[in-house]
Amino acid sequence: MSVYILVVDDEPDVEALFRQQFRRDLRSGRFTMEFAPSAPAALERAKNVADPSLILILSDINMPGMSGLEMLPKVRKERPDVPVIMITAYGDAETRRNAIERGAVGLLTKPIDFALLRHEIDARVGQAA
């Protein structure tokens with residue numbers, strides 16, 4: 001089974017950064033990362049992955065149009081089986097509380113601690129195996 005991680009961010013350099021950080025995993029086929037440039041695109045993608053192969057959604061909070069926090073309850077309603085971790089440059093207590101109340105399982109602050117994120121991904125990949 002191929003497992004997917006969906007990364008949602010409107011910044012184009014995020015895809016290159018994630019692909020570099022996880023290049024060995026991606027090259028070996030351990031998991032696949034897909035990238036959505038907006039919350040509406042992410043909702044569409046999450047809806048179209050019908051099987052349990054979507055194991056994690058990582059979403060920026062601050063995006064034009066629909067924010068990550070606005071997307072969160074919609075994606076949780078559509079895919080309650082898929083954990084969502086929010087990413088933000090502003091890791092204050094209010095932002096964390098809002099994210100958790102809306103259904104996020106965690107909040108990462110920028111710059112992203114990729115060692116911590118790798119641990120989270122490893123746990124999800126292990127559960128999916």
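If you read the sequence from its start, that first residue is 1, and numbering goes on from there.
- Residues forming a side chain to side chain donor-acceptor pair (under 3.5 Å) with T88 (at least two apart in sequence, or on another chain): none.
- In this structure the side chain of D10 reaches within 4.5 angstrom of the side chain of P64, judged on heavy atoms.
- In this structure F18 satisfies the ring-ring contact (aromatic ring centres under 6.0 Å, His included) test together with F114, sequence neighbours excluded.
- A search for side chain to side chain contact (heavy atoms under 4.5 Å, CB included) contacts involving R27 returns R23, not counting sequence neighbours.
- Using a 4.5 Å heavy-atom threshold, the side chains of L117 and F22 count as touching.
- Residues passing the side chain to side chain contact (heavy atoms under 4.5 Å, CB included) test with A123: none are found, sequence neighbours excluded.
- Rounding to the nearest 0.5 Å places CD1 of I85 at 4.0 Å from CD of E120.
- For E70, the salt bridge (Lys or Arg N to Asp or Glu O under 4.0 Å) test picks out no residue, with sequence neighbours left out.
- With rounding to the nearest 0.5 Å, the separation of CG in D9 from CD1 in I61 is 11.0 Å.
- For the residue pair S59 and M63, the shortest heavy atom distance occurs at OG-CE, 3.8 Å.
- With rounding to the nearest 0.5 Å, the separation of CD1 in I55 from CD1 in I121 is 7.5 Å.
- Taking CE from M66 and OG from S38, the interatomic distance works out to 8.0 Å, rounded to the nearest 0.5 Å.
- In terms of heavy-atom proximity, A39 sits nearest to M71 at CB-CB, 3.7 Å.
- Between atom OG1 of residue T32 and atom CG of residue L6 there is a gap of 12.0 Å, rounded to the nearest 0.5 Å.
- Partners of Q127 under the side chain to side chain contact (heavy atoms under 4.5 Å, CB included) rule, at least two apart in sequence or in another chain, are R124.
- Applying the salt bridge (Lys or Arg N to Asp or Glu O under 4.0 Å) criterion to R45, with sequence neighbours excluded, gives E34.
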### Task
Would you check, one step at a time, whether the test side-chain contact (heavy atoms from CB on, under 4.5 Å) holds for V75 with V82?
CA-CA 9 Å; V75 79; V82 180; over 6 Å; no
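- Counting only distance, with no hydrogens or angles, the side chain of R118 and the backbone of Q21 share a donor-acceptor pair below 3.5 Å.
- In this structure E44 satisfies the salt bridge (Lys or Arg N to Asp or Glu O under 4.0 Å) test together with K47, sequence neighbours excluded.
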### Task
Please test N98 against M86 for side-chain contact (heavy atoms from CB on, under 4.5 Å), starting from the C-alpha separation and ending with a verdict.
CA-CA 10 Å; N98 277 337; M86 303 306 294; over 6 Å; no
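- The side chain to side chain donor-acceptor pair (under 3.5 Å) search around E94 returns R97, not counting sequence neighbours.
- Applying the side chain to side chain contact (heavy atoms under 4.5 Å, CB included) rule to D13 yields the partners E11; only residues at least two apart in sequence or on another chain are considered.
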Please list every donor-acceptor pair under 3.5 Å in which a side-chain atom of residues 102-113 meets a protein atom from a residue at least two apart or in another chain.
unit_1: R102; atom_1: NH1; unit_2: L69; atom_2: O; d: 3.0
unit_1: D113; atom_1: OD1; unit_2: A115; atom_2: N; d: 3.1
unit_1: D113; atom_1: OD1; unit_2: L116; atom_2: N; d: 3.1

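- Remark: E15 pairs with R19 by the salt bridge (Lys or Arg N to Asp or Glu O under 4.0 Å) rule, at least two apart or across chains.
- A distance of 11.0 Å separates CG of N48 from CG of L43, quoted to the nearest 0.5 Å.
- Of all non-hydrogen atoms in L26 and F31, the two that sit nearest each other are CD2-O, 3.4 Å.
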